[in-house]
Amino acid sequence: MDGDLKNAARILFSSDTLAPFDNKTLEALREKHPLPNPASLLPDPPCSNNVLQVKDEDTYAAIMSFTSGSASGIDGITPQHLKDLVSASAGDAGRALLNDITKLCNFMLSGKVTSSFLPHIYGARLCAFNKKDGSIRPIAIGTTFRRLASKLACKHIISTLKTKFEPIQVGFGIKGGCEAAVHSARTFLKGNEAEVLLKVDVKNAFNSLDRATLLNEVSLNLPEIYPYVWQCYSSPCKLLFGENTIFSNVGVQQGDPLGPALFSLGIHKCISNLKSKFNIWYLDDGTIGGKVDDVIEDLIKIKNEFDSIGLKLNFSKCEIFFTDILSPKKINLATELFYKIAPNLKILQKNTLCLLGAPLFDEGIESILDSKIKIFLDNTDKLGTLNSHIAYTILKYCLFVPKLMYILRTSPIWKFPGLTDKIDATLKCSLEKILNLSFDENSWTQATLPIRDGGIGVRKISSVALPAFLASVHSIKGLCSKILKSSSVQITDATDAVENWKLRCPNDDIPKEVTKQKLWDAPLVHNTRENLTQNLTSDKNRARLLALSSKESGHWLHAMPSKNLGTLLDNESFRICIGLRLGARLCFEHRCPCGKEVDSFGLHGLSCNKSSGRFSRHGSLNETIKRALATIDVPALIEPTGISRDDGKRPDGLTLIPWERGRALLWDATCVDTLAPSHIRETAVRMGAAAEKAEMTKRHKYSSLIQSYIFVPFAVETLGPWSSSAKNFLKELTPRLIASTGDKRAGAFFAQRIGIAIQRGNAASILGTIPRGHDLYQNCL
C-alpha cells in the first residue's frame with residue numbers, strides 16, 4: 001500500500017481519461033513539443049568549478065520528500081525503491097548506498113554526465129490525458145535520479161529566487177503566494193485606482209519557453225547549478241510515448257522539480273518592469289491592473305517580449321474586468337482598444353471574476369459554492385461503492401473542508417451563513433449515507449468536532465470558514481503590503497472578520513500567533529463542545545464525551561484503512577464504532593442471548609458476561625504488543641509457562657531478553673468498559689478512571705512478581721482512554737521503534753493498531769447481542 005490517499009482520490013474523482021496510444025494522440029503530443037527557433041543561440045557551456053555539492057543528509061531528505069506512489073521514468077526505478085534501500089532498516093548497506101547515491105547526484109550536479117547518455121538519464125516517459133475541452137494534457141515522468149538531483153538543486157536555490165521574485169512572481173518559493181495574490185487583488189479592486197483588471201494566459205507555456213533565454217538567466221543568477229541545467233536543457237531530451245520517441249527541444253520538462261523555478265526565472269525580465277500598479281504572477285498566470293492606458297501598454301509589452309522568448313498569449317483564455325470607476329462609455333472605448341490587441345478577450349462581471357480559482361467579489365461566491373456542492377454530490381455517489389471505512393477516510397481528508405480550504409482561506413465565505421449551512425446539510429446527508437447512521441442534533445454536532453475533541457474530524461464549513469480566513473489574511477499581510485506597495489494596507493474584510501470572531505468568542509482574547517488557523521479555531525471548538533456537554537443529561541453520555549477527550553481515544557480514526565495492514569474495518573463494524581463514539585442509535589431493541597434487554601444504543605454488549613468480542617480483543621492487544629517488541633528485536637512469549645500471579649493465572653506476555661536493568665518485561669493487558677454500571681460513577685467525572693482502576697487491580701494481583709520483572713499493566717477502556725502505565729509504555733517503546741524502523745510515525749502506528757483492536761472488540765461485542773436467525777437448512781424445512 002502506497003498510502004497516497006489524496007492522489008488516489010484525485011484519480012477516483014477525476015473526469016480526465018487516458019488518451020489512446022494512437023497516431024492522433026502522438027501528433028497532438030508532437031504539437032505540444034515544438035521545434036526550436038533557428039535564430040536562438042545557446043550561451044557558452046559552463047566553465048566554472050563553483051558547482052553545487054550536497055551531503056548524505058541532503059540526499060536522504062530529498063529521497064524521503066518524494067510522494068508515496070511516485071512513478072518511475074524510463075529507467076524503471078521508482079522513488080519507493082530508493083526509500084526502501086536507504087531506510088534505517090537497511091543498516092550499513094543502506095548507509096553505503098546512500099553515500100553512493102549522493103556521489104551520483106554530485107556527479108550530475110557537476111555536469112559531468114557523458115554526453116551520449118544525456119538523452120536517456122534526462123529523458124522521460126510520456127503519457128497523455130484527454131482534457132474536458134478535447135485537447136491533450138501531456139504528463140512527463142522523468143527518471144528518479146534526474147528528479148532527485150533537481151530536488152537537491154531546487155532546495156538550494158529557493159531562498160535566492162524568493163528574494164528575486166517577490167512580490168511579482170509568487171508561484172515559486174513564496175509561502176502563501178497564491179493566497180496573497182487573491183487577497184491583494186480583492187483589496188486593489190476595492191480601492192480608487194483600479195479601472196481595469198486583466199488576466200493573461202500563455203499557450204503551452206512550459207513547453208514553449210526558449211531554452212537559450214532559460215540557460216542565460218541560470219548562468220547569470222544561479223551559476224552553481226548551471227552545469228547541471230546545461231546538461232539537462234542544452235540538448236534535446238528523449239520522451240518515450242509507447243514505442244514512439246518525441247524529442248523535447250524547447251521549454252522546461254513537465255515533472256521536473258526545477259521546472260517552475262526555471263520557467264519563472266526565464267520570464268522574470270519580461271514581467272518585472274511593467275507600468276501597471278498591480279502586477280502579480282503565479283507561474284504563467286499573470287494578472288495586471290490599474291489605469292486603462294497603463295494596462296494596455298503593459299499588454300503590448302508582454303505580448304512582444306513573450307514573442308521574443310518563444311511564448312504566445314492565448315487570447316481566448318485571457319479575461320478582463322472593468323471596475324465601477326469607469327463609465328459605460330469609457331468601458332466601450334477601452335474594450336475596443338483591448339480587442340485590437342487581444343481578439344477573443346473575455347469580459348467578466350463581478351459574479352464571474354475569479355483569480356486562481358477564488359472569487360474576488362461577494363457576488364461570485366454563491367455560484368462557486370453551488371458548483372462545489374454538485375461536485376461533492378457526484379463524488380459521494382462514487383464513495384458509495386467503497387468500503388465505508390475507506391469512504392469516510394477519503395471524505396475526511398479529500399472532500400468538503402479539505403477541498404474547499406483554499407477558497408475558505410481566500411474568500412469571506414463566513415459572511416454567508418445560508419450558503420455554508422447548505423453545504424453542511426449536504427455533508428451531513430453524505431456522511432449519514434456512507435456510515436448508514438442517522439444523526440440527531442447532538443450526535444451531528446459532535447461528529448463535526450476535531451478528533452482530539454471527541455468528534456470524527458469531518459468539520460462543518462460554517463465552523464472552519466472564519467478561522468481559515470483570519471489565519472490567511474494575517475499570514476500574508478506583509479506580502480500583500482509589498483504587492484500593493486503600501487505599508488499600511490488594510491486587507492478587504494479582515495477587520496469585519498475579526499469583529500465577527502469576537503462576537504462568537506466574547507470571553508477569549510485574540511490569539512498571540514494570529515497566523516495559525518488552529519488557534520483561531522480552538523475557542524470556537526471549545527464553545528461548541530461546552531454547549532454540547534450542557535445538552536447531555538445522562539451519566540453515560542457525560543462519561544462517553546469525557547472519555548473521548550483522551551488523546552488515545554482517537555488514534556484508530558487516524559489509521560489508514562488497509563486490509564493488508566490489518567487496519568481496515570468492515571462496513572458493519574465501522575458503523576458501530578462510529579455510532580458508539582457519537583452516541584447514535586445502533587440497533588432496534590432486542591434480548592441478548594444472556595437474557596437481558598438491549599436498548600437501541602446497544603451498550604449492554606460492551607459489559608455483557610458473554611461478550612463475543614472480549615476474547616478476540618484480548619488476543620489482538622497482546623499480539624500487537626508482541627509484534628511491536630519483535631520490531632525492536634525483543635522476542636517475547638504469549639502466556640509464558642512457569643510464571644503465575646498470586647491467583648495462579650499466567651500473565652499475557654514476557655520478553656525473552658532483559659527490557660531494563662537486567663530484568664525482563666512482563667505485561668498483562670485488559671480492556672474494561674467505560675460505560676459499565678460498575679464504572680459509570682467514576683468515568684462520568686474523571687477521564688480514564690476505569691482504566692486506572694483496572695491497572696491498580698493488576699498491580700495488586702502481580703505484587704509477588706513486581707520485584708523480579710518490569711511489570712506493565714496495559715489497561716485500556718472500550719471508549720479509548722489508556723491507563724498511565726500503558727501511556728508510559730508507549731513513551732518508552734516509541735523511540736525504540738523509531739530507531740529500528742527509521743519512521744518517526746512508528747509509535748503512532750502502534751497506538752493506532754491498539755485502537756483498531758479495541759474497536760473491533762467493541763463491534764463484535766455489540767453484534768454478539770443480536771440473536772441470529774435459523775440456519776439455511778431449518779428455513780428450508
Side-chain angles (χ1 to χ4, degrees), residues 87-89 91-92 550-552 555 566 614-672 687-717 720-758 761:
S87 66
S89 59
D92 292 339
S550 69
K551 179 181 178 181
E552 295 74 28
H555 283 319
R614 181 171 56 185
F615 296 108
S616 62
R617 174 173 54 210
H618 186 259
S620 295
L621 289 175
N622 287 311
E623 186 61 30
T624 300
I625 295 172
K626 180 185 176 182
R627 287 165 60 185
L629 292 172
T631 301
I632 61 174
D633 297 323
V634 178
L637 289 177
I638 299 295
E639 295 188 359
T641 58
I643 301 175
S644 61
R645 62 192 196 190
D646 294 347
D647 58 4
K649 293 185 177 181
R650 287 181 294 175
D652 287 334
L654 172 73
T655 62
L656 298 179
I657 60 175
W659 176 258
E660 183 181 312
R661 292 174 289 160
R663 292 188 289 175
L665 173 71
L666 186 74
W667 81 84
D668 202 79
T670 185
C671 182
V672 292
M687 180 180 66
E692 295 296 341
K693 184 178 178 180
E695 177 182 320
M696 294 301 296
T697 301
K698 291 287 184 184
R699 289 192 181 279
H700 176 72
K701 291 180 177 180
Y702 284 91
S703 59
S704 61
L705 299 175
I706 290 178
Q707 298 300 321
S708 304
Y709 300 92
I710 302 295
F711 176 60
V712 175
F714 198 91
V716 296
E717 295 183 16
W722 293 16
S723 68
S724 55
S725 181
K727 294 177 185 178
N728 290 334
F729 177 67
L730 176 63
K731 289 180 181 179
E732 294 177 12
L733 183 64
T734 295
R736 300 193 189 195
L737 288 171
I738 294 174
S740 177
T741 64
D743 194 332
K744 294 181 179 180
R745 302 168 296 172
F749 290 156
F750 170 76
Q752 289 169 11
R753 288 182 178 275
I754 293 292
I756 290 289
I758 294 172

Is it true that Arg699 and Glu695 make a salt bridge, defined as a side-chain N closer than 4.0 Å to a carboxylate O? yes
Check: Thr655 side chain, Leu665 main-chain N or O, donor-acceptor pair, under 3.5 Å: yes
If you measure from CD1 on Ile738 to CD1 on Ile632, what distance do you get to the nearest 0.5 Å? 11.5 Å
So, Ser740 side chain and Arg736 main chain: donor-acceptor pair closer than 3.5 Å or not? no
Between Glu717 (side chain only) and Ala690 (backbone N and O only), is there a donor and an acceptor less than 3.5 Å apart? yes
To the nearest 0.5 Å, atom CG of Leu733 lies from atom CD1 of Ile625 at 9.0 Å
Do Trp659 and Val712 come within less than 4.5 Å of each other through their side chains, counting heavy atoms only? no
Do side-chain atoms of Ser703 reach the backbone of His700 as a donor and acceptor pair under 3.5 angstrom? yes
Less than 4.5 Å apart, any side-chain heavy atom of Tyr702 and any of Pro651? yes
Heavy-atom pair of closest approach, residues Ser89 and Ser87: OG-OG, 2.9 Å
Could you tell me whether the side chain of Asn728 reaches within less than 4.5 Å of the side chain of Lys731, counting heavy atoms only? yes
Flag side-chain contact, heavy atom, 4.5 Å: Asp652 against Thr670: no
Please report the interatomic distance CZ(Arg663) to OG(Ser708), rounded to the nearest 0.5 Å. 8.0 Å
Taking Thr624 for the side chain and Ile754 for the main chain, is one N or O donor matched with an acceptor at less than 3.5 Å? no
Nearest 0.5 angstrom please: Ile643 CD1 to Leu705 CG, how far? 7.0 Å
Taking it one step at a time, do Ser723 and Ser725 satisfy side chain to side chain donor-acceptor pair (under 3.5 Å)? CA-CA 5 Å; Ser723 68; Ser725 181; 5.2 Å; no
What verdict does the side chain to side chain contact (heavy atoms under 4.5 Å, CB included) test give for Glu552 and Val716, after you've listed the backbone C-alpha separation in whole Å, the side-chain angles of each residue and the deciding distance to 0.1 Å? CA-CA 9 Å; Glu552 295 74 28; Val716 296; over 6 Å; no
Asp668 pairs by side-chain hydrogen bond (donor to acceptor under 3.5 Å, both in side chains) with which of Lys698, Arg650, Lys701? Lys698
Say whether, by atom type as modelled, one donor and one acceptor occur between the side chain of Arg753 and the main chain of Ser620 under 3.5 angstrom. no
Parallel, tilted or perpendicular for Phe729 and Phe750, by the 30°/60° rule? perpendicular
For the residue pair Met687 and Pro721, what are the closest heavy atoms and their distance? CG-CG, 4.5 Å
Any side-chain heavy atom of Trp667 sitting closer than 4.5 Å to one from Asn622? yes
Rounded to the nearest 0.5 angstrom, the CG-CG distance for Leu629 and Leu637 is 11.0 Å
Hey, could you give me the CG/CG distance between Asp743 and Leu737, rounded to the nearest 0.5 Å? 10.0 Å
Between the side chain of Glu692 and the main-chain N/O of Ser724, is any donor-acceptor distance below 3.5 Å? yes
Counting C-beta onward and ignoring hydrogens, is there a side-chain heavy-atom pair between Phe749 and Thr741 closer than 4.5 Å? no
Which heavy atom of Ala715 sits nearest a heavy atom of Ala726, and at what distance? O-CB, 4.0 Å
